[in-house]
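Please read the structure below before turning to the comments.
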Amino acid sequence: MEKLISSRAVYQDIIKTVGCWKIIDYRGIREQAQTKMSNTLVGRRVRYLERCGILESTVYDRKKKYFYLTDLGLKIAKKKKNYRPEEETLLHDLLAGAVVREICRHDRVFHADMCHLYAADDIHPDATVWAKRGEDEYRIAIELELTQKSKERVLEKYGKYVRSKKFDYVVFITQKQELVSAYLECLGKLNKASREKFVFILNEDLFPGHVDFKDSYCLHLGKKVEFVEFFGPKRAEQYRYK
């Protein structure tokens, strides 16, 4: 069975797609897979991979199924780091994937990696995206913050990013105005050159089935900026994870 699935490109495509995003729903698989498939075909193939013990699923908010790789799936995908959804972090994990996929709809972004695939300088962002403005390429760390961290932890994280040469910007995304205020207060302890690296995005309507940054409130160096200044306008075609 394992050899059969490994030899079938369409199943490999689904396995790779789920592995890339850690945890993802039917729609996400259909949109992100390199192979074009109908909803019915995605459902049939995903259910087959579940029966084979390659995918497992969990239900969020008693509504929608999300899929992730089992140990066998990880072996077929040739990935070393496993993933199991935990109740206390499930919402964060679902939102992180949805946020990055939405960011990737914007035309300056040409590549992305979720945190379990990329880390640098002892920093583990939720994701890294690569973007381009003209001929200049820049690397952005994405930090989805749903709960407020202590001042000490925030300052420690700032310090790591300031010292790192791997990231040009760090974008903190949250649903809470009070969290933005607290993090900005901590940011005020850094010099201006260091503060230039950090961007804050407030979107009070984030949830896994719907992420839209059109009306998000973005701050950089204490000034409101447009989301498209960093990520560009939305592209016509769907970004697909490479």
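A donor-acceptor pair under 3.5 Å is formed between the side chain of D126 and the backbone N or O of L144. With hydrogens and angles disregarded, no donor-acceptor distance shorter than 3.5 Å links the side chain of E143 to the backbone of V171. When atom types are taken as modelled, the side chain of T70 and the backbone of G53 share a donor-acceptor pair closer than 3.5 angstrom. Under the 3.5 Å distance criterion, the side-chain polar atoms of H220 are matched with a main-chain donor or acceptor of E196. Under a 3.5 Å cut-off, the side chain of D168 and the backbone N or O of R139 do form a donor-acceptor pair. At distances below 3.5 Å, not a single donor-acceptor pair connects side-chain atoms of N203 with backbone N or O atoms of Q175.
Remark: Y169 OH to K197 NZ distance equals 11.0 Å, nearest 0.5 Å. In this structure, the separation between NZ on K149 and SG on C186 is 12.0 Å, given to the nearest 0.5 Å. Note: Q34 CD to Q32 CD = 8.5 Å, rounded to the nearest 0.5 Å. One distance of note links CG of L94 with NZ of K64; it measures 9.5 Å at 0.5 Å rounding. In this structure, CD on E102 lies 11.0 Å from NZ on K214, to the nearest 0.5 angstrom. The distance from the OG1 atom of T174 to the CD atom of E204 is 9.5 Å, given to the nearest 0.5 Å.
The distance between the ring centers of Y11 and Y48 falls below 6.0 angstrom. Remark: aromatic rings of F198 and Y158 are close, center separation under 6.0 Å. Ring centers of F67 and Y26: under 6.0 Å apart, within the cut-off. Annotation: H106 is in aromatic contact with F227 [ring centroid separation under 6.0 Å].
We find that R84 and D71 are joined by a salt bridge, their nearest charged nitrogen and carboxylate oxygen being less than 4.0 Å apart. Salt bridge annotation for E31-R105: present, with a cationic side-chain nitrogen under 4.0 angstrom from a carboxylate oxygen. With salt bridges taken as basic N to acidic carboxylate O contacts below 4.0 Å, none links E229 and K224.
The closest side-chain heavy-atom distance from D25 to K65 is not below 4.5 Å. With contacts defined as side-chain heavy-atom distances shorter than 4.5 Å, the pair L55/V46 qualifies. Contact of the Y68 side chain with the P85 side chain is registered, since non-hydrogen atoms from C-beta on lie closer than 4.5 Å. Considering only heavy atoms from C-beta on, F231 comes within 4.5 Å of I140 through its side chain.
Side-chain contact of Y83 with D93: a donor-acceptor pair under 3.5 Å is present, judged by distance alone. No hydrogens or angles considered: a donor-acceptor pair under 3.5 Å links the side chains of E145 and Y183. Defined by atom type and a distance below 3.5 Å, a donor-acceptor pair is missing between the side-chain atoms of Y66 and E56. For the residue pair T128 / D113, no side-chain donor-acceptor distance below 3.5 Å is found, with atom types taken as modelled.
For the pair Q177 and L202, the tightest heavy-atom approach, listed with the atom from each and the gap, is OE1-CD2, 3.2 Å. Taking every heavy atom of both residues into account, Y138 and F230 meet most closely at OH-O, 2.6 Å. The shortest heavy-atom contact between L69 and A77 is CD1-CB, 3.9 Å.
Hydrophobic clustering (side-chain heavy atoms under 4.5 Å, transitive across Ile, Leu, Val, Met, Phe, Trp, Tyr) groups I23 together with L146. A single hydrophobic cluster is not seen to contain both V129 and V228; linkage of ILVMFWY side chains at heavy-atom distances under 4.5 Å, directly or through other members, places them apart.
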**Report entry** Steps toward side chain to side chain contact (heavy atoms under 4.5 Å, CB included) verdict (E185, K151)
**Finding:** CA-CA 9 Å; E185 182 180 345; K151 183 181 296 185; 4.2 Å; yes

